[in-house]
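These notes concern the structure reproduced below.
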Amino acid sequence: EVQLVESGGGLVQPGGSLRLSCAASGFTFDDYAMSWVRQTPGKGLEWVSTDTCDNGRTYYAESNKGRFTISRDDAKNTLYLQINSLKSEDTAVYYCVKGGGCYYDQPYDYWGRGTQVTVSL
């Protein structure tokens with residue numbers, strides 16, 4: 001059974017940092033692209049970043065470049081998202097998502113339950 005369990009969310013002040021984690025199980029982690037997708041009440045679902053197993057290529061939404069860093073530890077079956085210089089508009093539920101294959105453009109097939117990030121004074 002595929003399981004994706006996010007952690008690391010919370011309340012943080014603007015300008016702060018967070019590292020989200022996603023513990024994966026039930027599949028061969030290093031054979032699949034993994035992504036972060038966030039959901040806000042106003043914008044709906046928004047793709048954040050993808051880490052492929054294609055020579056370590058990573059992809060980011062244009063608006064996130066420079067503040068977000070996606071990474072993975074295949075030995076620990078864990079995906080990470082480091083977010084720096086947090087802004088109020090980063091407030092969202094962040095979902096860990098498994099791709100259907102190794103590459104960037106393959107459809108998602110499993111989602112975690114999400115972790116809430118709230119950026120506020």
Side-chain angles (χ1 to χ4, degrees):
E1 177 189 5
V2 172
Q3 288 194 326
L4 303 170
V5 180
E6 302 93 338
S7 61
L11 174 63
V12 62
Q13 293 186 353
S17 298
L18 278 177
R19 188 176 80 157
L20 307 182
S21 300
C22 170
S25 61
F27 62 101
T28 306
F29 184 70
D30 52 2
D31 282 350
Y32 293 92
M34 297 294 296
S35 299
W36 290 97
V37 175
R38 66 186 182 184
Q39 184 169 30
T40 62
K43 290 187 179 180
L45 287 172
E46 179 186 15
W47 170 70
V48 173
S49 182
T50 297
D51 187 309
T52 72
C53 52
D54 178 19
N55 290 321
R57 288 192 175 94
T58 58
Y59 300 85
Y60 296 92
E62 194 64 34
S63 59
N64 299 334
K65 285 183 179 178
R67 296 193 301 117
F68 288 57
T69 304
I70 193 170
S71 62
R72 64 196 296 163
D73 185 334
D74 289 339
K76 295 183 178 180
N77 288 354
T78 302
L79 179 74
Y80 302 100
L81 183 70
Q82 176 73 36
I83 314 174
N84 298 325
S85 302
L86 278 154
K87 306 176 182 179
S88 59
E89 51 263 45
D90 295 321
T91 295
V93 177
Y94 286 73
Y95 295 96
C96 172
V97 187
K98 175 184 171 294
C102 188
Y103 303 104
Y104 165 74
D105 59 353
Q106 290 174 303
Y108 305 144
D109 55 9
Y110 289 93
W111 294 63
R113 292 179 177 267
T115 186
Q116 174 72 49
V117 172
T118 302
V119 183
S120 180
L121 291 170

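If you read the sequence from its start, that first residue is 1, and numbering goes on from there. As the structure is a prediction and not an experimental result, all values here were calculated from the model.
Between atom CZ of residue R67 and atom OG of residue S17 there is a gap of 10.0 Å, rounded to the nearest 0.5 Å. Here the NZ atom belonging to K65 is positioned 10.0 Å from the OG atom belonging to S49, to the nearest 0.5 angstrom. The distance from the CD atom of Q13 to the OG atom of S88 is 13.0 Å, given to the nearest 0.5 Å. Distance check, rounded to the nearest 0.5 Å: CD of E89 to CZ of R38 gives 8.0 Å. Within the model, atoms CG of D74 and OG1 of T28 stand 10.5 Å from one another, a figure rounded to the nearest 0.5 Å. The OG1 atom of T58 lies 11.0 Å from the CZ atom of R72; values are rounded to the nearest 0.5 Å.
In this structure, D31 has no salt bridge (Lys or Arg N to Asp or Glu O under 4.0 Å) partners at least two apart in sequence or on a different chain. With sequence neighbours excluded, no residue forms a salt bridge (Lys or Arg N to Asp or Glu O under 4.0 Å) with D105.
For the pair E46 and S63, the minimum side-chain heavy-atom distance is below 4.5 Å. Under the 4.5 Å side-chain criterion, counting only non-hydrogen atoms from C-beta, C53 is not in contact with D30. In this structure, the side chains of T118 and Q116 come closer than 4.5 Å at one or more pairs of heavy atoms.
Using a 4.5 Å cut-off between side-chain heavy atoms of Ile, Leu, Val, Met, Phe, Trp and Tyr, Y94 falls into a hydrophobic cluster with V2, L4, V12, L18, L20, F27, F29, Y32, M34, W36, V48, Y60, F68, I70, L79, L81, I83, L86, Y110, V117, V119. Using a 4.5 Å cut-off between side-chain heavy atoms of Ile, Leu, Val, Met, Phe, Trp and Tyr, Y108 falls into a hydrophobic cluster with V37, L45, W47, Y59, V93, Y95, V97, Y104, W111. Through direct or relayed side-chain contacts under 4.5 Å between Ile, Leu, Val, Met, Phe, Trp and Tyr, V5 connects to no other residue. Cluster partners of L11, using a side-chain heavy-atom cutoff of under 4.5 Å among ILVMFWY residues and allowing indirect links: none.
In this structure, D54 contributes its side chain and R57 its backbone to no donor-acceptor pair below 3.5 Å. In this structure, T115 contributes its side chain and G9 its backbone to a donor-acceptor pair below 3.5 Å. Here the side chain of E6 pairs a donor or acceptor atom with the backbone of R113 at under 3.5 angstrom.
For the 3.5 Å distance criterion, the side chains of Q82 and N84 qualify, holding a donor opposite an acceptor.
Salt bridge absent: D90 and K87 never bring a charged side-chain N and a carboxylate O closer than 4.0 Å.
Contact detail for G99 and D109: the closest heavy-atom pair is O-OD1, 3.5 Å. Considering every non-hydrogen atom in both T40 and A92, the closest pair reads CG2-CB, 3.4 Å.
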